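Being a predicted model, the structure only gives us computed values, none of them experimental.
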Amino acid sequence: MISLEKHDRMANAIRFLSMDAVEKAKSGHPGLPMGAADIATVLFTRFMKHDPKNPQWADRDRFVLSAGHGSMLLYSLLYLLGYEDITLEEIKNFRQLGSRTAGHPEYGHAAGIETTTGPLGQGFANAVGMAIAERLLNARFGDDLVNHHTYALVGDGCLMEGISQEALALAGHLRLSKLIVLFDDNQISIDGPVSLADSTDQCVRFAASGWATIRVDGHDPDAIAAAIEEARQSDRPTMIAFRTVIGHGAPTRAGTNKAHGSPLGAEEIAATRKALGWEADPFVVPSDILDDWRLAGLRSAKERGAWKTRLAAADPETRGEFERRMRGDLPEALPTAIVEYKKKLAQENSKVATRNASEMALEVINDCVIETIAGSADLTGSNNTKTSQTASVTPDDFTGRYIHYGIREHAMAAAMNGIALHGGLIPYGGTFLTFSDYARPAMRLASLMGIRSIFVMTHDSIGLGEDGPTHQPVEHLAALRAIPNHQVFRPADAVETTECWELALNSRKTPSTMALTRQKLEPVRREFEDDNLCARGAYELAPASDAPEVTIFASGSEVEIAVQAKAMLEERGHPTRVVSVPCFELFEGQPEDYREAILGEAPIRVAIEAGVRQAWDSFIGTDGIFIGMSGFGASAPAPELYKHFDITAEAAVRAVEARLNAGR
Ligand SMILES: Cc1ncc(C[n+]2csc(CCOP(=O)(O)OP(=O)(O)O)c2C)c(N)n1
């Protein structure tokens, strides 16, 4: 048992590491680590199940610092507990180039950072995903192998963000009892008191969505412990509102927004040392305190040993499957299943929408890749994300594989990230492409973190028809292609859709968006090909009859228009080739000679895509012909819209001939 005095000194170690690191970096946020130090100290000395020497232990508790600006809280903890990645040197290099201690915690920089946080509210929704993943895996592998908590530390900012409402409603509905939200209820944000902009009773708000809630003094260690203990016994998720003082201990700045986001300054820090009775120099943790922290770091070693014994005692098949899934390896049977399915498709050659083609491919994939977790933001029948293998997950039954995320695109995407980060599962989830805007901040973080989240975005152009311009994406393909490390797949038919799914599943460090049509498309890949032609991002679908005068590049639903235009141009004596472009990002990664060969030497280059031109100039040049959209769509049947906006083979032929004539 830790005495009150010892607790205070352990918490003060966090406070001084944090304020000294912020001071040295001349930037950062000391207020949160100082205010939440008591909560963190109790959590990590009495409850957290983790092992700094084996930070990837699958059954560890997850701790998410959703209020990512308080990053020094996490870095201090990781250093004090003995995580090797965070040394004292790293703490001294806080916020410097190449350090693991970035301004906000970044996934992959150091073990113990479970997710990237900073955009407020994201971490909370990630934690919901992690808690869902825990329940799903528990339902598959039992308490012996998977049985842990997820803790998320959130601030006023996280709870003001809209994503928090989506996340808490989902968690409350699913009764994620092993999710515990630690609310640093300090009533201060950047502008000043939270009361400037908010008067929500957060406990009442959470309770309304089925959470247990507790209010407690966040500086009283025993009260903190009692609250966490109570939360762990609850049959519902729990939010604990810890009343704290931001910048606790700083004589003039504590309790004010002046403690939030800037160095305290030498004078205030000296006064804080006096006030808290801390005599050690900056970056020095008295050895008895460091020892106590390191001992705390060992608290779960036995538990981990017992877990390892249980894993070793599991039947080999279960163990093998558990380990494979946690490594993130795909089943060995997948490539063959895909090839066999492609053979079948080549025989059928039927006209299908790529959203249906996606469902058909998933029917094959989900049979084989049993770790996929499907879902949709209330558009299941439109996104075609549900297959025969994916029974719905309910609050009472997590054996299913389908999550009804509700109309909550943002939390869906962030929870998917949490599921992917947890490990052992591959999340995919759907909405309309135009509503990727509602999910985009989480999609961007998936890219920044380099994780395997797969976003299924159907109704990918004016081709959706009558729902009109509110629902018709125009700039979205370009906007998603603009995110670094994000693969946007826009397949042209059932074969390409299957190939793109295979690529997305194999892409462990780059998330993918599948842009899929509502409308039916002509098959363009009629011959069986063993190779995954989409893997190079762009490939020649149809060669020219002679030295090409024209190359037409197109993606998705416009590839069939390109094929028609080619036929018409050839008939008029203009040899034309067609290049299908299912994925810009994969094409950019090809060797230069391949890219040059695909771009080709035809004097006229055309691109056809029912979206804005942006980024297509890399294929066609600034003088290329672009057939697509330059404004918003309209409400009408799809075939009429294609004519109205001049996205037709005839339009392409006209533009090419005008160019040819101008050159004569
Ligand atoms: C989405 C988003 N919007 C704005 C910010 C900028 N920001 C960082 S911290 C903060 C205030 C957060 O207040 P609170 O959660 O109460 O943290 P505390 O002041 O207690 O440290 C804001 C607006 C952000 N990081 N993310």
Side-chain angles (χ1 to χ4, degrees), residues 43-44 47-65 71 74-75 77-87 90 100-102 105-117 123 126-127 129-138 140-152 178-179 294 296-314 318-330 371 373 416-427 445-446 448-453 507-511:
L43 179 69
F44 277 86
F47 295 102
M48 270 298 284
K49 177 171 86 171
H50 69 129
D51 182 353
K53 301 285 171 256
N54 296 280
Q56 303 306 331
W57 174 20
D59 198 32
R60 69 190 181 280
D61 287 343
R62 306 302 197 267
F63 175 73
V64 173
L65 180 66
S71 55
L74 182 57
Y75 302 148
L77 283 166
L78 296 178
Y79 162 66
L80 291 166
L81 288 158
Y83 281 79
E84 281 165 13
D85 283 350
I86 303 289
T87 58
E90 293 288 349
R100 295 174 189 272
T101 47
E106 290 189 44
Y107 176 70
H109 280 207
I113 301 174
E114 301 281 8
T115 178
T116 295
T117 52
N126 291 162
M130 290 175 191
I132 291 173
E134 192 270 346
R135 284 295 85 193
L136 291 168
L137 289 169
N138 174 272
R140 286 151 177 75
F141 292 100
D143 285 351
D144 273 358
L145 298 187
V146 184
N147 190 15
H148 59 262
H149 283 88
T150 303
Y151 298 94
K178 307 198 81 170
L179 173 65
R294 294 287 151 96
L298 298 175
R299 64 179 301 279
S300 312
K302 242 195 213 147
E303 222 173 319
R304 180 168 181 278
W307 178 86
K308 269 183 78 178
T309 307
R310 293 197 298 275
L311 179 63
T318 306
R319 188 174 67 233
E321 187 59 12
F322 181 78
E323 289 177 334
R324 176 188 72 76
R325 290 212 213 170
M326 291 310 299
R327 278 196 310 272
D329 295 344
L330 291 171
E371 59 269 35
I373 295 298
M416 284 167 57
N417 291 348
I419 292 171
L421 286 160
H422 181 283
L425 299 164
I426 303 174
L445 282 172
L448 176 59
M449 290 191 271
I451 57 174
R452 183 167 43 186
S453 297
S507 171
R508 296 172 61 147
K509 300 214 153 149
T510 302

| query | Would you say the side-chain atoms of Ser507 pair up with the backbone N or O of Thr510, donor to acceptor, closer than 3.5 Å? | reply | yes
| task | State the OG1-CD1 distance between Thr115 and Ile451, to the nearest 0.5 angstrom. | result | 7.0 Å
| Under 4.0 Å between a Lys/Arg side-chain N and an Asp/Glu carboxylate O for Arg310 and Asp143? | no
| remark: Here the gap from Thr150 atom OG1 to Glu134 atom CD, rounded to the nearest 0.5 Å, amounts to 6.5 Å
| task | Mind listing the closest non-hydrogen atom pair of Leu179 and Ala131 along with its distance? | result | CB-CB, 3.9 Å
| task | Count the heavy atoms of every other residue, nucleotide or ligand shown that sit under 6.0 Å from NZ of Lys53, and state whether that count exceeds 12. | result | yes
| Distance, nearest 0.5 Å, that separates CD1 of Ile373 from CD1 of Ile426 | 9.5 Å
| said: For Thr116, give me all partners under side-chain contact (heavy atoms from CB on, under 4.5 Å), at least two apart in sequence or on another chain. | reply: Glu106, Tyr107, Leu445, Leu448, Met449
| Do His148 and His422 get their side chains close enough for a donor-acceptor pair, meaning under 3.5 Å? | yes
| field | Whether Arg100 side chain and His109 backbone form a donor-acceptor pair below 3.5 Å | value | yes
| Can you name the nearest heavy-atom pair linking Tyr75 to Pro105, along with the distance? | OH-CA, 3.3 Å
| Between Asp59 and Leu145, is any pair of side-chain heavy atoms under 4.5 Å apart? | no
| message | For His149, give me all partners under ring pair (Phe, Tyr, Trp, His ring centres under 6.0 Å), at least two apart in sequence or on another chain. | response | Tyr151
| message | Are Arg135 and Asn138 packed together at the side-chain level, in the sense that at least one heavy-atom pair is separated by less than 4.5 angstrom? | response | yes
| Could you go step by step and tell me if Asp61 and Phe47 meet the side chain to side chain contact (heavy atoms under 4.5 Å, CB included) rule? | CA-CA 9 Å; Asp61 287 343; Phe47 295 102; 5.8 Å; no
| Considering all heavy atoms of both residues, which atom of Arg452 and which atom of Ala420 are nearest to each other, and what is their separation? | O-CB, 3.9 Å
| field | Non-hydrogen atoms of Ala127 and Val64 that approach each other most closely | value | CB-CG2, 4.2 Å
| query | Could you state the interatomic distance from OH (Tyr79) to CG (Asp85), rounded to the nearest 0.5 Å? | reply | 14.5 Å
| query | Taking Glu371 as the fixed residue, which of Arg140, Arg324, Arg325 is the one that meets the side-chain hydrogen bond (donor to acceptor under 3.5 Å, both in side chains) rule? | reply | Arg324
| task | Could you tell me whether the side chain of Phe44 reaches within less than 4.5 Å of the side chain of His50, counting heavy atoms only? | result | yes
| message | Rounded to the nearest 0.5 Å, what separates atom CG in Asn126 from atom CE in Met416? | response | 12.0 Å
| query | Do Ile419 and Met130 come close enough that some side-chain heavy atom pair is under 4.5 Å? | reply | no
| said: Taking side chain to side chain donor-acceptor pair (under 3.5 Å) as the definition, give me every residue that meets it alongside Ser453, ordered by chain and number, with sequence neighbours left out. | reply: Asn417
| said: So Leu43 and Phe63, do their side chains get closer than 4.5 Å, heavy atoms only? | reply: yes
| request: Please check if atom CD in Glu84 has more than 12 non-hydrogen atoms from other residues, nucleotides or ligands closer than 6.0 Å. | output: no
| Could you state the interatomic distance from CG (Leu65) to CD1 (Ile113), rounded to the nearest 0.5 Å? | 10.0 Å
| Looking only at heavy atoms, which two atoms of Asp51 and Arg304 are closest? And how far apart? | OD2-CD, 3.4 Å
| task | For residues Asp144 and Trp307, determine if any side-chain heavy atom of one lies less than 4.5 Å from a side-chain heavy atom of the other. | result | no
| message | Quick check: closest heavy atoms across Gly112 and Leu74, and the distance to 0.1 Å? | response | O-CD1, 4.1 Å
| With Arg60, the side chain to side chain contact (heavy atoms under 4.5 Å, CB included) member among Glu114, Lys49, Met48 | Glu114
